[in-house]
Peer 1: 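Have a look at this one.
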Protein chains: 2
Amino acid sequence: MPAEQIAADLGALLLRGNRAHLYDRLTEGVVGVDSTTYPVLSGLARAGPATASRLADLIGLDRTVATRYATRLEQAGLVTRAADADDARATRLSLTPEGRQAVQTMRTALESILAEALSTSEPEEIETFARVLQRLLDALVPAPPGAPLRR
Amino acid sequence: MPAEQIAADLGALLLRGNRAHLYDRLTEGVVGVDSTTYPVLSGLARAGPATASRLADLIGLDRTVATRYATRLEQAGLVTRAADADDARATRLSLTPEGRQAVQTMRTALESILAEALSTSEPEEIETFARVLQRLLDALVPAPPGAPLRR
DNA sequence: TATTGTTATACTCTATAACTATA
DNA sequence: TATAGTTATAGAGTATAACAATA
């Protein structure tokens, strides 16, 4: 039963330093994005234009934090704010072309890092890994209130 | 090609909120340990008696932080300090019986959580998952736990 | 001169509370 | 009354710098 080893590896992966290291590798060279604003930008890319509240639910942040990081990304020219036509209280956050470019750059970097990290495994192993990882996540992680998409 | 889904799942796992949620599940009910001191206690359990500097290297923290958290754990009665016989500058950190008990409790909790999260997967799948995860970690993480450390 | 442990300081991140506007 | 966005404030976490003691 390799449960003990899985536990140790997951624990290592979650160590603050290792998490920050991975985020730094992803965002290095992308101006205006760091390890704290990355989830906001990435979430916006996944969800499409969304309000700060919805985005906050999606990535598990407080909505005040989402607003502040959105402001930072806006000042960096990666995100824009626009009034919601249906609800005058709401503000829709969207990616600018520069923001889309930044997301694309980081996605490419992530896939390249992953491809290299998985290069010593067989395709069947990788497929099994992905399958179990998905189940593990479904069991470990609380579902966001938004619910429709997490991946 | 499940690389994209792996990337998304890993990203979700590393989200600050999800990481904190997992740590909270582990440490809930264990007095004197929280999501910040958990890695220190866990690292001490893996490494055995160690100095603050060595422990800091092991878990990727600054040594000033390791010292402060060790003080907190000491005040909670989970860790003791003792002079190093070989080096008068050094202080050796050790687990108290209460500290060992706390580690055991958290390990059991982690294994139980994992066992449930993996209960829908076949043993062969889990074995493959563990194998690929290990390779992934070796490639992704700068200094894996258990590696030789600088003094 | 370098290293260990520690403390002091400043900075960053995050949540709670409060305010405004709209539903 | 409730909700969206935002700002203000305070609390916690962390790193940098500095100190004394020892190598």
Side-chain angles (χ1 to χ4, degrees), chain A residues 14-21 23-24 27 32-41 43-44 47 49-75 79-94 145-146, chain B residues 14-21 23-24 27 32-41 43-44 47 49-76 79-94 149-151:
Chain A
L14 290 175
L15 281 178
R16 206 203 59 82
N18 290 338
R19 172 177 171 269
H21 174 72
Y23 275 145
D24 285 343
T27 58
V33 188
D34 58 22
S35 60
T36 62
T37 49
Y38 168 73
V40 176
L41 199 69
L44 202 51
T51 67
S53 293
R54 176 173 148 73
L55 191 58
D57 281 344
L58 186 68
I59 60 181
L61 271 187
D62 195 85
R63 76 187 208 275
T64 66
V65 181
T67 285
R68 204 171 321 111
Y69 288 176
T71 300
R72 227 188 275 174
L73 291 168
E74 188 185 22
Q75 289 167 346
V79 159
T80 53
R81 283 182 160 93
D84 189 313
D86 299 330
D87 188 338
R89 297 172 303 179
T91 300
R92 284 161 70 83
L93 301 168
S94 315
Chain B
L14 290 175
L15 280 179
R16 208 203 59 84
N18 291 337
R19 172 177 170 268
H21 173 73
Y23 275 144
D24 286 343
T27 57
V33 188
D34 58 22
S35 61
T36 62
T37 49
Y38 167 73
V40 175
L41 200 69
L44 203 50
T51 66
S53 293
R54 178 172 145 74
L55 190 58
D57 282 343
L58 185 68
I59 60 183
L61 271 187
D62 195 85
R63 75 188 209 273
T64 67
V65 181
T67 286
R68 204 171 321 112
Y69 289 175
T71 300
R72 228 190 274 174
L73 291 168
E74 187 184 23
Q75 288 167 346
V79 159
T80 53
R81 282 183 160 94
D84 189 314
D86 298 330
D87 187 338
R89 297 172 303 178
T91 301
R92 284 161 71 84
L93 300 168
S94 314
L149 303 164
R150 76 162 209 271
R151 281 185 300 104

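Order of the sequence lines sets the chain letters (A, B, ...), proteins ahead of strands, with each chain counted from 1.
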Peer 1: Given that A:Thr71 and A:Arg16 both sit by DNA chain D, which one's nearest nucleotide is further toward the 5' end?
Peer 2: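 This one resolves to A:Thr71.
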Peer 1: More 5' along DNA chain C: A:Asp34 or B:Ala52, using each one's nearest nucleotide?
Peer 2: B:Ala52
Peer 1: Reading nucleotides 16-23 of chain D from the 5' end, what letters show protein touch, with B for base, S for backbone sugar-phosphate only, - for no heavy atom under 4.0 Å?
Peer 2: BB----BS
Peer 1: Is the shortest side-chain N/O distance from A:Thr51 to OP1 or OP2 of D:dG5 below 4.0 Å?
Peer 2: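 Yes, within the criterion.
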Peer 1: Between C:dC13 atom P and B:Arg19 atom CZ, what is the distance in whole Å?
Peer 2: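 It is 15 Å, rounded to the nearest whole Å.
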Peer 1: Looking at residues at least two apart in the chain, or sitting in another chain, which of them share a side-chain contact (heavy atoms from CB on, under 4.5 Å) with B:Ala66?
Peer 2: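 B:Ala56.
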Peer 1: Mind checking A:Thr91 for me? I need base, sugar-phosphate or nothing, with any heavy atom below 4.0 Å counting as a touch.
Peer 2: sugar-phosphate
Peer 1: Output yes when a side-chain donor or acceptor of A:Thr67 lies under 3.5 Å from a complementary backbone atom of A:Thr64, and no otherwise.
Peer 2: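 Looks like no, no N/O pair under 3.5 Å.
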Peer 1: Quick one: list whatever passes side-chain contact (heavy atoms from CB on, under 4.5 Å) with A:Ala90, sequence neighbours left out.
Peer 2: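 A:Ala90: side-chain contact (heavy atoms from CB on, under 4.5 Å) contacts with A:Thr51, A:Asp84, A:Asp87.
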Peer 1: Under the side chain to side chain donor-acceptor pair (under 3.5 Å) test, which residues partner A:Thr91, sequence neighbours left out?
Peer 2: none
Peer 1: Nearest whole angstrom, please: distance from the C1' of C:dC13 to the CD1 of A:Ile59.
Peer 2: 14 Å
Peer 1: Taking ring-ring contact (aromatic ring centres under 6.0 Å, His included) as the definition, give me every residue that meets it alongside A:Tyr69, ordered by chain and number, with sequence neighbours left out.
Peer 2: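 For A:Tyr69 there are no ring-ring contact (aromatic ring centres under 6.0 Å, His included) partners, ignoring immediate neighbours.
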Peer 1: Please give, in whole Å, the distance from D:dG5 P to A:Tyr69 OH?
Peer 2: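 So the OH-P distance, A:Tyr69 to D:dG5, works out to 18 Å.
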Peer 1: Find the distance B:Asp57:CG to C:dG5:C1' and express it as a whole number of Å.
Peer 2: 14 Å
Peer 1: Between B:Arg16 and A:Ile59, is any pair of side-chain heavy atoms under 4.5 Å apart?
Peer 2: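 Side-chain contact under 4.5 Å: no.
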Peer 1: Applying side chain to side chain donor-acceptor pair (under 3.5 Å), can you list everything that pairs with B:Asp24, at least two apart in sequence or on another chain?
Peer 2: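 With sequence neighbours excluded, B:Asp24 shows a side chain to side chain donor-acceptor pair (under 3.5 Å) to no residue whatsoever.
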Peer 1: When all nucleic acid strands are considered with a 4.0 Å heavy-atom cut-off, which category describes A:Arg92: base, sugar-phosphate, or nothing?
Peer 2: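 Since no nucleic acid heavy atom lies under 4.0 Å of A:Arg92, the category is nothing.
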Peer 1: Find the distance B:Tyr38:OH to D:dG13:C1' and express it as a whole number of Å.
Peer 2: 19 Å
Peer 1: Expressed as a whole number of angstroms, how long is the span from A:Arg81:CZ to D:dG5:C1'?
Peer 2: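 Result: 8 Å.
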